[in-house]
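Have a look at the structure below before the remarks.
Predicted, not measured: the structure shown is a model, and the values here were computed from it.
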Amino acid sequence: MKKINLRAYYPDYYNTDYIIEVPDEVMDTMQEAERKENAYQRRKFRHKAYYSLDRNDGIEHDTFYQALTPQDICEQQELMEQISIAISQLSEKQARRIHAYYFHGMSYAEIAEREGVHRSQIMRSVNKALANKAVILKNYR
């Protein structure tokens, strides 16, 4: 058993020295954690990494996800309207398969199983629908 001063580990909680005995395994674990923390602080200092994106104050979110401008929002809405119009002009079967594949993330095999047809029919239908949709979208640009 080794003695430790809890004031050294919890200075905000203990105002005066508070000595307790802990098992050797606990002491080894505490020393290992302290060594790792010191090593981390040295690496941070050497590499001049005085900041972190993991602070949960929005820095990481703002860095990776830029806010959309009003123009971007309008362009997205217009594109979604064009896609909706293009899909509505496809046959019912093609529209259903395109919707399942792209919007629900289903695989060709899953769609084929759900509809009771062969996978190749789904692939052919989706490819034909994409070709039709490309023609329809060209007319709107």
Give the minimum heavy-atom separation between [X] and [Y], together with the two atoms involved.
| X | Y | answer |
| --- | --- | --- |
| Arg114 | Ala100 | NH2-CB, 3.8 Å |
| Leu90 | Ala129 | CD2-O, 3.8 Å |
| Phe103 | Ile87 | CE1-CD1, 3.7 Å |

Inset, instruction - Please step through side-chain contact (heavy atoms from CB on, under 4.5 Å) for the pair Ile4 and Ile19, ending with a clear verdict. - result: CA-CA 6 Å; Ile4 63 168; Ile19 310 294; over 6 Å; no
Inset, instruction - Given side-chain contact (heavy atoms from CB on, under 4.5 Å), test Glu32 with Asp28 step by step and report yes or no. - result: CA-CA 6 Å; Glu32 179 66 24; Asp28 293 340; over 6 Å; no
What's the separation between atom [atom1] in [X] and atom [atom2] in [Y], rounded to the nearest 0.5 Å?
| X | Y | atom1 | atom2 | answer |
| --- | --- | --- | --- | --- |
| Ser88 | Ile83 | OG | CD1 | 12.0 Å |
| Ile73 | Glu78 | CD1 | CD | 14.0 Å |
| Arg97 | Leu130 | CZ | CG | 13.0 Å |
| Lys93 | Gln121 | NZ | CD | 7.5 Å |
| Glu110 | Glu113 | CD | CD | 8.0 Å |
| Met123 | Tyr101 | CE | OH | 8.5 Å |

Inset, instruction - Report, as yes or no, whether the 6.0 Å neighbourhood of atom CD on Glu21 holds more than 12 heavy atoms from other residues, nucleotides or ligands. - result: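 Enclosed: over 12 neighbouring heavy atoms sit under 6.0 Å from CD of Glu21.
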Inset, instruction - Find out whether Glu92 and Arg96 are in side-chain contact, i.e. whether some heavy atom of one side chain is under 4.5 Å from a heavy atom of the other. - result: yes
Legend entry - Asp72 side chain reached by Gln76 side chain, heavy atoms, under 4.5 Å: no
Inset, instruction - Compute whether any side-chain donor of one residue and acceptor of the other, for Gln71 and Glu75, lie under 3.5 angstrom apart. - result: yes
Is it possible for you to say whether [X] and [Y] belong to one hydrophobic cluster, with membership spreading through side-chain heavy-atom contacts below 4.5 Å?
| X | Y | result |
| --- | --- | --- |
| Tyr13 | Leu6 | yes |
| Met1 | Met27 | no |
| Tyr9 | Tyr40 | no |

Legend entry - Residue list, salt bridge (charged side-chain N to carboxylate O under 4.0 Å, His left out) with Arg7, at least two apart or on another chain: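 Salt bridge (charged side-chain N to carboxylate O under 4.0 Å, His left out) check on Arg7 returns Asp17.
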Inset, instruction - For the pair Tyr10 and Tyr14, name the ring-plane relationship: parallel under 30°, tilted 30 to 60°, perpendicular over 60°. - result: tilted
Legend entry - Check against side-chain contact (heavy atoms from CB on, under 4.5 Å), Gln41 and Glu37: CA-CA 6 Å; Gln41 293 298 332; Glu37 178 64 24; 2.8 Å; yes
Inset, instruction - Return yes if some donor-acceptor pair links the side-chain N/O of His118 with the main-chain N/O of Ser120 below 3.5 Å, else return no. - result: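 Yes; judged by distance alone, with no hydrogens or angles, the pair exists.
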